[in-house]
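Have a look at the structure below, then the notes.
In the text below, chain A, chain B and the rest are named by the order of the sequence lines, each starting its count at 1.
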2 protein chains.
Amino acid sequence: MKKLPEQEGGESANTNEGMRKGGMGRVKSIKSVLQDRIRGGIYEMGQRLPSERQLCLEFETSRVTLHEILIQLETEGLIYREERRGWFVSPTRFVYNPQSRGHFTLSATQQGRTPSTVVIDTRIVTAPPRVCALLDIPEGQQLACIRRVRSINGRAILYVEHYFSPDVFPGLFERDLSVSLTELYRDVYGFDYGRMTYQIIPTAVSGDIAGLLRVSSGSPALLVTRVNHARDESVRDCDLEYWRHDAVLIEVDVANSSPLPSDE
Amino acid sequence: MKKLPEQEGGESANTNEGMRKGGMGRVKSIKSVLQDRIRGGIYEMGQRLPSERQLCLEFETSRVTLHEILIQLETEGLIYREERRGWFVSPTRFVYNPQSRGHFTLSATQQGRTPSTVVIDTRIVTAPPRVCALLDIPEGQQLACIRRVRSINGRAILYVEHYFSPDVFPGLFERDLSVSLTELYRDVYGFDYGRMTYQIIPTAVSGDIAGLLRVSSGSPALLVTRVNHARDESVRDCDLEYWRHDAVLIEVDVANSSPLPSDE
DNA sequence: TGGACTTTCTGGACTAGTCCAGCGGCTTGA
DNA sequence: TCAAGCCGCTGGACTAGTCCAGAAAGTCCA
């Protein structure tokens with residue numbers, strides 16, 4: 001019923017009991033073969049995998065099972081999919097430091113990638129609950145919102161919503177917003193940052209965010225929220241960043257760690 | 001885009017066309033009903049959901065489809081499962097700051113939870129490739145390894161592997177290792193930390209790690225790696241922390257953000 | 001040449017089942 | 001009384017299909 005060319009172990013039964021009892025399970029066994037192929041370079045980076053139906057034939061399994069395997073590999077970050085186009089081997093992750101502001105373009109270039117940014121829209125909105133909680137403002141308040149999608153080598157990996165009070169940066173919406181907003185704030189409005197707080201939350205995306213990131217609804221993602229304060233400690237703005245879970249690696253360097261508490 | 005009350009109460013299509021053409025898709029529509037029930041408190045925190053088969057009957061769908069929905073809710077962090085016991089509404093996330101060392105127990109207590117730690121084993125191992133890369137040592141070197149599982153209110157949420165050079169902390173394995181290791185290092189060995197680097201990588205767990213965290217193989221997880229340096233910049237030890245993706249929220253406060261570069 | 005169709009191929013979204021392993025409550029018997 | 005064993009219920013892991021929507025490439029005609 002299955003039969004991978006040489007499959008670790010050798011035997012491997014022609015009905016599913018064989019494999020089940022064998023201790024490994026169909027999913028795990030096929031998965032490890034695919035893992036080896038990807039890591040071994042048989043499927044090259046950026047290349048499309050054989051179609052689901054083709055792989056079903058090769059491994060003699062059903063599409064549901066094979067789909068499950070591909071999703072697990074996607075969860076691991078080894079492969080990703082494009083709607084109705086196929087499954088592809090993931091490029092190496094983009095290294096991101098949430099503590100350094102406004103470095104997307106520079107950082108991507110330093111990593112040898114080609115970054116690009118698209119502004120989805122700019123508008124005045126009623127602050128969503130999550131943003132109210134972050135900024136510590138009452139519900140129902142009106143905020144300016146910039147929505148952008150940032151890509152690496154043509155692949156969308158980040159969707160950002162940027163919120164701030166509409167009167168803080170007058171005329172901002174008329175500018176070119178596909179560049180570093182932090183730079184604009186500093187150079188045009190003379191704004192300097194003080195303290196920042198960020199959160200990292202594993203979550204799932206759906207609806208338009210999923211569409212913009214070209215992932216299927218319900219896929220895992222990494223939500224990074226950042227709240228910026230001015231030098232006088234007042235809250236100035238915040239970001240909601242939805243990263244493709246397979247495309248990012250967060251890395252932070254802490255010069256001096258905080259002291260130990262005396263009790264624990 | 002929402003569907004909700006009248007959908008589920010009312011006719012909810014007894015064949016799939018009804019719902020498909022409706023524009024929402026069966027999965028999304030059922031999912032949003034369940035989301036509302038969880039957020040609305042109809043299913044209470046920590047409580048078990050009705051069984052998969054029962055929900056299939058209620059929503060007139062198949063188990064594969066319903067299972068897919070539950071997995072998406074799990075990915076969002078709303079629910080979690082226990083092997084062959086059922087699906088449960090997730091407690092609120094544990095807030096974790098990777099920059100503050102050795103605070104698990106204290107931090108959990110402050111958050112009103114009951115923490116516990118179990119030492120899986122202690123041994124001398126050949127450093128795995130990932131650890132070699134982190135510590136910047138050649139492959140094949142022997143390192144001391146402590147493996148622990150940490151729980152909140154009886155639910156395992158973190159699996160940690162701790163690596164260091166065997167000769168740095170003599171006699172450590174004979175001590176009680178279910179407490180803060182950082183404290184031990186400081187109080188017993190007079191060790192003080194300098195710089196630290198941490199990485200956060202969305203990944204998947206399988207095998208024994210999945211078993212110890214009581215999640216099914218292939219589930220998403222958050223891998224947090226931390227490399228500790230001594231005051232003289234030499235590398236001292238590192239952690240590989242595998243967090244249940246639905247149980248943790250990383251929060252960091254940065255007193256002074258790094259300066260902007262002049263070019264971007 | 002170039003736009004409009006058609007055909008083929010992809011994954012997406014389902015259904016309706018089967019068989020299995022482990023948890024837990026219930027029963028039964030020493 | 002209390003352990004042993006049974007059994008029903010849970011999710012886990014599959015199979016074998018159907019139908020649909022969108023991508024891509026080829027075809028054909030103005």
Whole Å only: how far is the NZ atom of A:Lys31 from the P atom of D:dA13? 11 Å
Rounded to whole Å, the NE2-P distance (B:His67 to C:dA13) equals 17 Å
Take the protein atom CZ of B:Arg48 and the nucleotide atom C1' of C:dG24, then report the distance between them rounded to whole Å. 11 Å
Taking the six-membered ring of A:Tyr80, is NZ or CZ of A:Arg155 closer than 6.0 Å to its centre and within 45° of its axis? yes
What nucleic acid atoms does B:Ser216 come within less than 4.0 Å of, heavy atoms only: base, sugar-phosphate, or nothing? nothing
Atom-pair distance (CD1 on B:Ile71; C1' on C:dA13), nearest Å: 15 Å
Is the charged tip of A:Arg244 near the ring of A:Phe94: under 6.0 Å from the six-membered ring centre and within 45° of its axis? no
Heavy-atom nearest nucleotide on DNA chain D taken for B:Gln54 and for B:Ser217; more 5' hit belongs to B:Gln54
Contact list please: residues 74-90 of chain A against DNA chain C, heavy atoms, distance less than 4.0 Å, in numerical order. A:Arg81, A:Arg84, A:Gly86, A:Trp87
What pairs meet the salt bridge (Lys or Arg N to Asp or Glu O under 4.0 Å) rule with one or both residues in residues 69-83 of chain B, with sequence neighbours excluded? B:Lys31-B:Glu76, B:Glu74-B:Arg81, B:Glu82-B:Arg85
Whole-Å distance separating the CG atom of B:Leu70 from the P atom of D:dG11: 8 Å
At 4.0 Å (heavy atoms only), tell me whether A:Ser51 reaches a base, stays on the sugar-phosphate, or touches nothing. sugar-phosphate
Starting at atom CD of A:Glu52, determine the distance to atom P of D:dA23, rounded to an integer number of angstrom. 16 Å
Does B:Arg63 get its side chain close enough to the base of C:dG17, under 3.5 Å, for a donor-acceptor pair? no
